[in-house]
Amino acid sequence: MSETDNIDQEVKKEEVISRNFIEQAIDKDLAEGVYDHVHTRFPPEPNGYLHIGHAKSILLNYGLAQEYHGQFNMRFDDTNPTKEKTEFVDSIKKDIQWLGADWEDRLFFASNYFEQMYEGAVKLISKGKAYVCDLSADEIREYRGTLTEPGKNSPYRDRSIEENLELFDNMKHGVYEDGTKVLRAKIDMASPNINMRDPILYRVAHMTHHNTGDTWCIYPMYDYAHPVEDAIEGITHSICTLEFEDHRPLYDWVVRELEYPHPPRQIEFAKMYLTHVVTGKRYIKKLVETGVVDGWDDPRLVSIAALRRRGFTPESIKMFVDMCGISKSNSSSDYAMLEYCIREDLKLKKSRVMAVLDPIKLIIDNYPEGQVEYLEVPNNMENEALGMRQVPFGRELYIDREDFMEEPPKKYFRLFPGNEVRLMHAYFVTCNSFEKDETGRITQIHCTYDPKTKCGTGFAERKVKGTIHWVPAEQAIKAQIRLYENIVDETKEVYDEEGNVNVNPNSLVTLTDCYVEPILNGATAPDSFQFVRQGYFCVDSKDSTPDSLVFNRIVSLKSSYVLPKNSKK
RNA sequence: UGGGCCAUCGCCAAACGGUAAGGCAACGGACUCUGACUCCGUCAUCUCAAGGUUCGAAUCCUUGUGGCCCAGCCA
């Protein structure tokens, strides 16, 4: 193949990378001169913790700003004081920072625009486009009509502009009780789109707001506030999820009536769903309250905090979100994709060390008692840059119970009486005998080693089929290791008839008698490793201490070998 | 049975009237000091269905079918 062919191929490859529908829309806007730049935002309400679904929106908005050399704003959509807490603004900021979406100096609060929103409302009233309505909540619902029947006009719809102005001023000044008056847009009570049937713009709520305190007793509704927020900040593309499609006509109505010179444009995309996960606030709350999980950051959950504690990296989540793509079809991504992404991200970045989860002692009968040798071992055989470490080796070791069988099935490559295997990075050993306790449980394995087979000597006279990992009995560090599976029992629906999560009984297995290589001494929270032949593990940020290590299994390694069940151990 | 949106491999998802990309998963095989990784191969004669337009349709038009969203003084 010639060099030009190569180039052609690369060009073709480039062409194949297609743009999602939002990028296509932005390209078009830019080409037609609708906008000359791109400005996006992520606007959560601080009423809970962020989860993997939010990550898609965050990364989408931030990614678009980057791609088009535009800007990305962080904005708290805090227009409803009954639901919002400062606690959540802190956790949300932390999560977004961790994900790497940088809002630079553009951190905003919708509540800081209350004055402008109020002025906008006055403008709408002055234009005859909004009115104060005295109907009760129940009455408003009745007047709204149904999906199939049109609504009917409020008896207060035709109040004079002057009266509306006065009433709205009274609303602002706390003259009315909660629920007694609202400001409504005057649009069309017969619209087939229910959102256009004179939607409520402002409600009265005598309540302390986390940011504005008691300054206000009227608060704008999302449908009015959001377009105003976007317009004030100069957002060009206001990206939200599909359920707001029906609200777009109202969004456009607001920016049109308020006569913003460069109105933002709303574009909707499909939320990310993951198979077999729990994201509902009330369900998680129940799991926390009943002690099924140990908090909103329990590693079995998919909140950003939980994923972080579980050992997922921002890079892996970005990779996952990119892999899932952007579209308008409701879909549910496979958890296996997320697992692929974290394995892929950690593969070359992390040291591969040995850990024994379920130890059995292995004694090398022909190895001198009391002798210790230090083996030079690469931290990652696929990435030399990670350097080398020393692993002590001696007469007594621990190996994993799974790696020995008294009566092995066919194709069992590990240790069994008479078989020779390689101790990873060390020597070949052959099993001579083993010991059992009264219950028949194997307690010790005796081997002999062949000094000629030491790793690194280039020994090639014979080969072994199996390589097993080990840890030196004397120097290994004891650790607790937690193996996680999905919190949801995947053989059932996510929720049962009573609305409880069908909890997987094996979602957490805590192993307290594990041993890890001495190099892991002092490992702390964000550290993670590959435990060779087992998976990727991280130090638990909540429960691990320097002298009592706790590791979380992030994800297991893939395996094409299934250990036969019911065979003797 | 009002309005809006969606439908392409087990799961995501391209294709924009020119003859069904890619990834994940799965399954073979090679390699292997991780039963991992890597590599090679297999995996939609067909795009929800039925008609129609066209030399040519996943793409356009009909008519159906299925799914999601909307009747908060939530966002």
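Note: hydrogens, waters and symmetry copies are ignored here, and every other heavy atom, side chains too, is used.
- Within 4.0 Å of A:Glu268, counting heavy atoms only, lies no atom of the nucleic acid at all.
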Which donor-acceptor pairs under 3.5 Å do the side chains of residues 381-391 of chain A make with protein atoms, sequence neighbours left out?
{"from": "A:Glu382", "atom 1": "OE1", "to": "A:Arg352", "atom 2": "NH1", "distance (Å)": "3.1"}
{"from": "A:Glu382", "atom 1": "OE1", "to": "A:Arg352", "atom 2": "NH2", "distance (Å)": "2.6"}
{"from": "A:Asn383", "atom 1": "OD1", "to": "A:Ala385", "atom 2": "N", "distance (Å)": "3.1"}
{"from": "A:Asn383", "atom 1": "ND2", "to": "A:Leu348", "atom 2": "O", "distance (Å)": "2.8"}
{"from": "A:Arg389", "atom 1": "NE", "to": "A:Glu517", "atom 2": "OE1", "distance (Å)": "2.6"}
{"from": "A:Arg389", "atom 1": "NH1", "to": "A:Arg352", "atom 2": "O", "distance (Å)": "3.3"}
{"from": "A:Arg389", "atom 1": "NH1", "to": "A:Asn379", "atom 2": "OD1", "distance (Å)": "3.0"}
{"from": "A:Arg389", "atom 1": "NH2", "to": "A:Arg352", "atom 2": "O", "distance (Å)": "3.1"}
{"from": "A:Arg389", "atom 1": "NH2", "to": "A:Glu517", "atom 2": "OE1", "distance (Å)": "3.4"}
{"from": "A:Arg389", "atom 1": "NH2", "to": "A:Glu517", "atom 2": "OE2", "distance (Å)": "2.8"}
{"from": "A:Gln390", "atom 1": "NE2", "to": "A:Glu376", "atom 2": "OE2", "distance (Å)": "3.2"}

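- Checking the phosphate oxygens (OP1, OP2) of B:A36, a side-chain nitrogen or oxygen of A:Ser560 falls inside 4.0 Å.
- Spacing between B:G23 and B:A13 at atom C1', rounded to whole Å, works out to 8 Å.
- One atom, CG of A:Asp345, and another, P of B:C37, lie 16 Å apart when rounded to the nearest Å.
- A:Ile342 has its side chain out of reach of A:Tyr536: every pair of non-hydrogen atoms, C-beta onward, lies at least 4.5 Å apart.
- Scanning residues 195-210 of chain A for heavy-atom distances under 4.0 Å to RNA chain B yields A:Ile200, A:Arg203.
- A:Lys181 comes within 4.0 angstrom of nothing in the nucleic acid, heavy atoms only.
- Not counting sequence neighbours, the partners of A:Lys186 by the side chain to side chain contact (heavy atoms under 4.5 Å, CB included) test are A:Tyr131, A:Arg157, A:Asp158.
- Between A:Phe114 and A:His209, the angle of the ring planes goes over 60°, which puts this pair in the perpendicular group of the 30/60° scheme.
- Less than 6.0 angstrom separates the ring centroid of A:Phe428 from the ring centroid of A:Phe459.
- Ranking B:U32, B:A15, B:C5 by closeness to the A:Ser18 side chain, first place goes to B:A15.
- Under the ring-ring contact (aromatic ring centres under 6.0 Å, His included) criterion, A:His210 pairs with no residue at all, not counting sequence neighbours.
- In the set B:C70, B:C73, B:G35, the nucleotide with an atom closest to the side chain of A:Lys411 is B:G35.
- Classified by interplanar angle (parallel below 30°, tilted 30° to 60°, perpendicular above 60°), the ring pair A:Tyr202/A:Tyr224 is tilted.
- Using a 4.5 Å heavy-atom threshold, the side chains of A:Phe404 and A:Arg414 count as separate.
- Under the side-chain hydrogen bond (donor to acceptor under 3.5 Å, both in side chains) criterion, A:Arg203 pairs with no residue, sequence neighbours left out.
- Straight-line distance between the C1' atoms of B:G2 and B:A15: roughly 34 Å, to the nearest whole Å.
- Within 4.0 Å (heavy atoms only), A:Ile468 reaches no atom of the nucleic acid at all.
- For B:G72, the OP1/OP2 oxygens have a side-chain nitrogen or oxygen of A:Arg144 closer than 4.0 Å.
- A:Gly456 comes within contact range of at least one nucleobase, with a heavy-atom separation under 4.0 Å.
- Across all non-hydrogen atoms, the minimal contact from A:Arg197 to A:Arg184 is O-NH1, 3.8 Å.
- Using a 4.0 Å heavy-atom cutoff across all strands shown, A:Arg141 reaches sugar-phosphate atoms only and no base atom.
- One finds no side-chain N or O of A:Arg533 lying less than 4.0 angstrom from the OP1 or OP2 phosphate oxygen of B:C37.
- Residue A:Phe244 is in base contact, counting any heavy-atom pair closer than 4.0 Å across all strands shown.
- A:Asp214 and A:Thr208 are linked by a side-chain donor-acceptor pair at a separation below 3.5 angstrom, with hydrogens and angles left out of the test.
- In this structure, CD of A:Glu45 is placed 13 Å from C1' of B:G72, rounded to the nearest angstrom.
- Within residues 74-83 of chain A, the residues that have a heavy atom under 4.0 Å from RNA chain B are, in order of number, A:Asp77, A:Thr79, A:Asn80, A:Lys83.
- Across all strands, A:His247 comes closer than 4.0 Å to base atoms (heavy-atom distances).
- One atom, OH of A:Tyr335, and another, C1' of B:A25, lie 16 Å apart when rounded to the nearest Å.
- With sequence neighbours excluded, the residues forming a side chain to side chain contact (heavy atoms under 4.5 Å, CB included) with A:His247 are A:Asn195, A:Asp223, A:Phe244, listed by chain and number.
- Glycosidic conformation of B:G72 is syn; the angle stays within 90° of 0.
- Distances were taken from every side-chain heavy atom of A:Ser331 (C-beta onward) to each of B:C12, B:C73, B:G35; the shortest belongs to B:C12.
- In this structure, of B:A7, B:G2, B:A36, it is B:A7 that holds the atom nearest to the side chain of A:Ser329.
- The side chain of A:Gln266 places no N or O atom within less than 4.0 Å of a non-bridging phosphate oxygen (OP1 or OP2) of B:G4.
- B:C37 and B:G29: their P atoms are spaced 16 Å apart (whole Å).
- B:U62 and B:C46 have their P atoms separated by 26 Å, given to the nearest Å.
- By the stacking rule of 5.5 Å between ring centres and under 30° between planes, A:Tyr222 does not stack on the base of B:A75.
- Here B:C12 is the nucleotide among B:C37, B:C12, B:C70 with the atom lying nearest to any side-chain atom of A:Ser332.
- The side chain of A:Arg414 lies closest to B:G35 when the candidates are B:G35, B:C5, B:G2.
- Among the protein residues, A:Gln24 comes within range of the nucleic acid bases, having at least one heavy atom under 4.0 Å from a base atom.
- Base engagement by A:Thr146 is indicated by at least one non-hydrogen atom pair under 4.0 Å involving a base atom.
- Within the 4.0 angstrom heavy-atom criterion, only backbone atoms of the sugar-phosphate kind lie near A:Tyr340; the bases stay farther away.
- A distance of 6.0 Å or more separates the ring centres of A:Phe529 and A:Phe537.
- Scanning for side chain to side chain contact (heavy atoms under 4.5 Å, CB included) contacts around A:Phe108 gives A:Asn73, A:Arg75, A:Arg106, A:Tyr113, A:Glu233, with sequence neighbours left out.
- When the side-chain nitrogen and oxygen atoms of A:Ser327 are compared with OP1 and OP2 of B:A13, one or more of them lie within a distance under 4.0 Å.
- Stem regions annotated for RNA chain B: B:2-7 with B:65-70, B:10-12 with B:22-24, B:26-30 with B:38-42, B:48-52 with B:60-64, counting only runs of 3 or more consecutive pairs of Watson-Crick or G-U type with both contacts under 3.5 Å.
- With sequence neighbours left out, A:Ser136 forms a side-chain hydrogen bond (donor to acceptor under 3.5 Å, both in side chains) with A:Glu139.
- Residue-level contact check: A:Ala336 touches the backbone only, with heavy atoms under 4.0 Å from sugar-phosphate atoms and none from bases.
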Got a list of protein N/O to nucleotides 26-31 of chain B N/O distances below 3.5 Å?
{"from": "B:A26", "atom 1": "OP2", "to": "A:Lys558", "atom 2": "NZ", "distance (Å)": "3.3"}

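- When the side-chain nitrogen and oxygen atoms of A:Lys347 are compared with OP1 and OP2 of B:U38, one or more of them lie within a distance under 4.0 Å.
- Among the heavy atoms of the strands, none lies under 4.0 Å from A:Leu250.
- In this structure A:Asp322 satisfies the side chain to side chain contact (heavy atoms under 4.5 Å, CB included) test together with A:Lys318, sequence neighbours excluded.
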